[in-house]
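Quantities reported herein were computed from a predicted structural model and do not represent experimental measurements.
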Amino acid sequence: MENYYAALLPAMEGGYLVLFAECPRAFTYGEDLADALENAADVLALEAQVRAEEQREMPPAASFEEVVAFAAASMQEDGIDRSRDFLVRAVPVCGAPA
């Protein structure tokens with residue numbers, strides 16, 4: 001089981017926007033950190049399932065450094081206040097075919 005790093009960005013309305021550098025269509029939101037991490041695992045599992053149905057493999061996981069750079073760039077593009085820290089957490093791909 002491979003781990004992907006989720007970028008958890010502080011949302012303007014509170015909570016966290018969750019993005020994956022490797023999978024742009026796999027994104028979600030959580031009202032708090034626990035909710036965001038749970039939703040991250042769910043959306044990543046769904047992405048793995050859809051890719052399996054399309055007979056496509058999951059892309060290689062980005063490095064921690066690549067995800068930090070991706071998160072910083074995403075925050076800058078969206079005009080998010082950089083005074084609030086973003087988080088990067090490992091999320092295992094569940095439900096992906098072996």
**Item:** Nearest-0.5 Å distance that lies between atom CG in Leu17 and atom CG in Asn39
**Value:**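 Taking CG in Leu17 and CG in Asn39, the distance rounds to 11.5 Å.
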**Asked** Under a 4.5 Å cut-off applied to non-hydrogen side-chain atoms, are Phe20 and Val43 in contact?
**Response**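 Side chain of Phe20 against side chain of Val43, heavy atoms only: contact under 4.5 Å found.
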**Asked** Under the salt bridge (Lys or Arg N to Asp or Glu O under 4.0 Å) criterion, do Arg51 and Glu57 qualify, and how do the steps go?
**Response** CA-CA 6 Å; Arg51 284 177 179 261; Glu57 292 184 12; over 6 Å; no
**Prompt:** Can you hop from Val18 to Leu33 via hydrophobic side chains spaced under 4.5 Å?
**Reply:**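 Looking at the clustering, Leu33 is in the same group as Val18.
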**Prompt:** Are Leu8 and Tyr29 connected in a single hydrophobic cluster, I mean Ile/Leu/Val/Met/Phe/Trp/Tyr linked by side-chain heavy atoms less than 4.5 Å apart?
**Reply:**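 Different clusters.
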**Verdict with supporting geometry, Leu9 and Leu19, side-chain contact (heavy atoms from CB on, under 4.5 Å)** = CA-CA 8 Å; Leu9 310 180; Leu19 304 173; 3.6 Å; yes
**Request:** Apply salt bridge (Lys or Arg N to Asp or Glu O under 4.0 Å) to Arg56 and list each qualifying residue two or more places apart in sequence or on a separate chain.
**Result:**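 Partners of Arg56 under the salt bridge (Lys or Arg N to Asp or Glu O under 4.0 Å) test: Glu54.
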**Request:** Apply the test side-chain contact (heavy atoms from CB on, under 4.5 Å) to residues Tyr16 and Asp32: give CA-CA distance (whole Å), side-chain angles for both, the deciding distance (0.1 Å), then the verdict.
**Result:** CA-CA 7 Å; Tyr16 294 93; Asp32 56 32; 5.6 Å; no
**Closest heavy-atom pair and its distance - Val67, Ala62** =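 Scanning both residues, the minimum pair turns out to be CG2-CB, 3.8 Å.
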**Asked** For the residue pair Glu47 and Cys23, what are the closest heavy atoms and their distance?
**Response**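 Heavy atoms of Glu47 and Cys23 come nearest at CG-SG, 4.0 Å.
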**Message:** I'd like to know if the side chain of Glu38 and the backbone of Asp35 have a donor-acceptor N/O pair within less than 3.5 Å.
**Reply:**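 No, Glu38 side chain to Asp35 backbone: no donor-acceptor pair under 3.5 Å.
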**Message:** Can a donor-acceptor pair be found, under 3.5 Å and without considering hydrogens, that links the side chain of Asn3 to the backbone of Ala90?
**Reply:**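 Between the backbone of Ala90 and the side chain of Asn3 there is no qualifying donor-acceptor contact (under 3.5 Å).
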**Prompt:** Knowing that exactly one of Tyr5, Tyr4, Phe70 qualifies, which makes a side chain to side chain contact (heavy atoms under 4.5 Å, CB included) with Glu22?
**Reply:**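 Passing option: Tyr4.
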**Message:** Val68 vs Glu65, test: side-chain contact (heavy atoms from CB on, under 4.5 Å). Steps then yes/no.
**Reply:** CA-CA 5 Å; Val68 168; Glu65 293 79 10; 5.7 Å; no
**Prompt:** Taking atom CZ of Phe27 as the centre, does the number of heavy atoms from other residues, nucleotides or ligands within less than 6.0 Å exceed 12?
**Reply:**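 Incorrect, the count does not exceed 12.
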